[in-house]
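Quick one: structure below, then a few questions.
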Amino acid sequence: MTLSIEINNLQKAFDGQLVLQDVSLRVARGTIYGVLGPNGAGKSTLLHLLLGFLRPDHGTIRILGRHNPTEALARIGYLPERVRYHLHYSGREYLYYLGELSGLRGRRLAARVEDEIAQVGLREAADRPLRVYSRGMLQRIGIAQALLHEPELLLIDEPTGGLDPQGQEQLLTLLRALRSRGLTCLVATHQIAEAEALCDQVGILFHGRIATEVVLDDLHDIGRSVTIHTSRLPADVQAILAEFEPNVTYAEHEVRIDANTPVLQAQVLRVLIDAGIAIVTLEGQRRPLEELYLRIVHGESIEPPGMPPPRLPAAAPKLHHTGGDTLLRELLTNAEQQATIRNARRSTENSGRGCAATRH
Amino acid sequence: MHTLRLIFRFAAFTLVEYVRSGRALVEAAATIAVYAIFFRRQALDGDHFFALAALFTLALTFYTSSTILGLGDRPQGYLILARRIGRTGYLLGLYLAIILVTAAAYGALSLLVAAFTPVAGLGVAGWLLGSLPLLLNMFLLAALLTLIAPFVLSSGWRLALLGLIALAFSNSLLGGSALATLPTTLLTTIEVLRTMASAPLLPAFSGYELAISRDYSGPAFVIPLAQLSLTLGILALAVYAFARRDLIFSSN
């Protein structure tokens, strides 16, 4: 597998304060990698290190085969967060200048500028000064300038910032189309939904560290936790639900079932229906990535006790089954095992006792 | 050649923004005002013209450098620096824009004087001979201001450099009875440092005198060469420092 980005043990401090520590990640060519983290996690610093704006205190970066990022700049497109523009130019003029500074000339430059203007839907506004553009239009110009010189690698900081929902969807579609044409993309974002919709792999950056990496396809295969809002749960039903703890929790009008427990979910629903409990709403709760992200942000353990977090091997990166994935699989396994044990136990007991109690 | 083309394109890009944003009006207004106040109503000779013009252009260089370097020290710069031009091209493009603006302002002032209050006894040749060291002094000051721009030198180095410059100019400030009380060793150290720090100022002061006298006899022709060498040296230092520091533009 060809790697577009390879980072090993990267460390960066400002005024003695560590912003990034021991960051290692690999981005395979033709994939979209999301760096997901809250504000201040070090996402923009990471991108600036990749672009050579900042110099690492420790660790190595290899980007598009180069150890010096500035040597690869001609093949990289960059869209900063909250990008500020030279507002005294029209959109078209601006792209022409930036294209020239990227080494484009003549007909190729003209063709690329017009292509990008069309691609981001700014044909009508292209000759207006940038100072009259809306935030969304400026973001589109930002995308156009990043793609102008047909880069192999795109580094984007908060890509959909300032875009309306339609613009966001168009941008995500565009990025997916670019990926299908072989473009590699590293996206820094704090939006979980954006990372889920766009990325092949996500690294969760928190307090300057990659807390875990997950492959999105694996997460998509796994279910979500479910909350069932009900009429008041009588004590006998609550007693039955108590048997399903800890994967099932309940309150007077609510039952919550952990993710990755399809068997258990069916069992709980059966108990409620058999007991004649009115189900008011049934909603899937946090998505797996969101669940994982929030656990990391809230400082909860994401690994089974005593097990060290999995590390990416230096030579041959393994992109599957890293930390978050392990967690979810563990949850799934636990839930299924418990359900199986319970079923086996019940089948050996008097089958009528439990059902009769439920019906009353 | 390719890098040179990128530098010129970036300088042009900066100049277009400078003009469109209205900042260039300050130079235009200052040039007209200085002409009206100092040159229009007097019968000038060459010495007088160059003495006044040199002071005006230095002040103008200070303002223009600060403004254009301020344009370079904005987050907008990240979009430029993420391109092929690189840090060297970026810095030299800004420098080129500065010297083009200041040289244009000096050219405009000279044209105003030539058109409305011609200087007695100053022909084109005389103007060129006086203008050369004057322009080189402007370029020298612009290079120095580029070097001490906040995004080029870190604050510690800037402080050290400004300290040296202050020491070089300190003849009138540090002397007499204030120094008499100091121990001899310390006094000698200060004198040595002052001499060393003021050495780079020699081409600038000599250039100013040469612009006024326009007398290139004897070894005077070395003065423009020294000005040029010093300018290139300072620019090289600026490029070196800029290439090696973390790039964090002002967020204003």
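Throughout, protein chains are lettered first and strands after them, A, B, ... in sequence-line order, and every chain is numbered starting at 1. Since we're looking at a predicted model, the values are computed, not measured. Scope of the values below: all heavy atoms of this structure, side chains included, with no hydrogens, waters or symmetry mates.
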Less than 4.5 Å to any heavy atom of chain B: does that hold for the side chain of A/Ile76, its backbone, both, or neither?
backbone
Please confirm whether the backbone N or O of A/His88 pairs with a side-chain atom of B/Arg20, one donor and one acceptor, at under 3.5 Å?
yes
Would one find more than 12 heavy atoms of other residues, nucleotides or ligands at under 6.0 Å from atom CZ of A/Arg29?
no
Is the shortest side-chain N to carboxylate O distance from A/Glu100 to B/Arg83 below 4.0 Å?
no
Kindly compute the distance separating CG (A/Asp57) from CG (B/Asp246), expressed to the nearest 0.5 Å.
7.5 Å
Would B/Leu79 and A/Leu79 satisfy side-chain contact (heavy atoms from CB on, under 4.5 Å), going step by step from the backbone distance to the final call?
CA-CA 8 Å; B/Leu79 283 187; A/Leu79 177 61; 5.6 Å; no
Name the orientation class of the two ring planes belonging to A/Tyr97 and B/Phe13 (parallel below 30°, tilted from 30 to 60°, perpendicular beyond 60°).
perpendicular
Using heavy-atom distances under 4.5 Å, tell me whether B/Val16 contacts chain A through its side chain, its backbone, both, or neither.
both
One should read off an interatomic distance between A/Leu73 CG and B/Ile85 CD1, to the nearest 0.5 angstrom, of 11.5 Å
Heavy-atom contact with chain A under 4.5 Å, split by part of B/Arg245
backbone
Smallest heavy-atom separation, A/Gly52 atom then B/Arg87 atom, equals O-NH2, 2.8 Å
Listed by chain and number, what are the side-chain hydrogen bond (donor to acceptor under 3.5 Å, both in side chains) partners of A/Asp127, not counting sequence neighbours?
A/Arg92
For the backbone of A/Tyr85 and the side chain of B/Gln76, can you confirm whether one donor and one acceptor N or O come within less than 3.5 Å of each other?
yes
Would you please indicate if the ring centroids of A/Tyr78 and B/Tyr78 are separated by under 6.0 Å?
no
Kindly give the heavy-atom pair with the smallest separation between A/Gly103 and B/Arg84, and that separation in Å.
CA-NH1, 4.3 Å
CZ on B/Arg74 to NE2 on A/His86, rounded to 0.5 Å:
5.0 Å
Can you tell which of A/Glu93, A/Arg105, A/Gln145 has the highest number of heavy-atom pairs within less than 4.5 Å of chain B?
A/Arg105
What residue in B/Ser21, B/Ala12, B/Gly86, B/Gly93 has the most heavy-atom pairs under 4.5 Å with chain A?
B/Ser21
For atom CZ of A/Phe14, decide whether the heavy atoms of other residues, nucleotides or ligands shown that lie under 6.0 angstrom number more than 12.
yes
For A/Arg123, look at atom CZ and say whether over 12 heavy atoms of other residues, nucleotides or ligands are found less than 6.0 Å away.
no
The interface call for A/Ser102 against chain B, heavy-atom contacts under 4.5 Å, is both
Under 4.5 Å to a heavy atom of chain A? For B/Ile248 that would be side chain
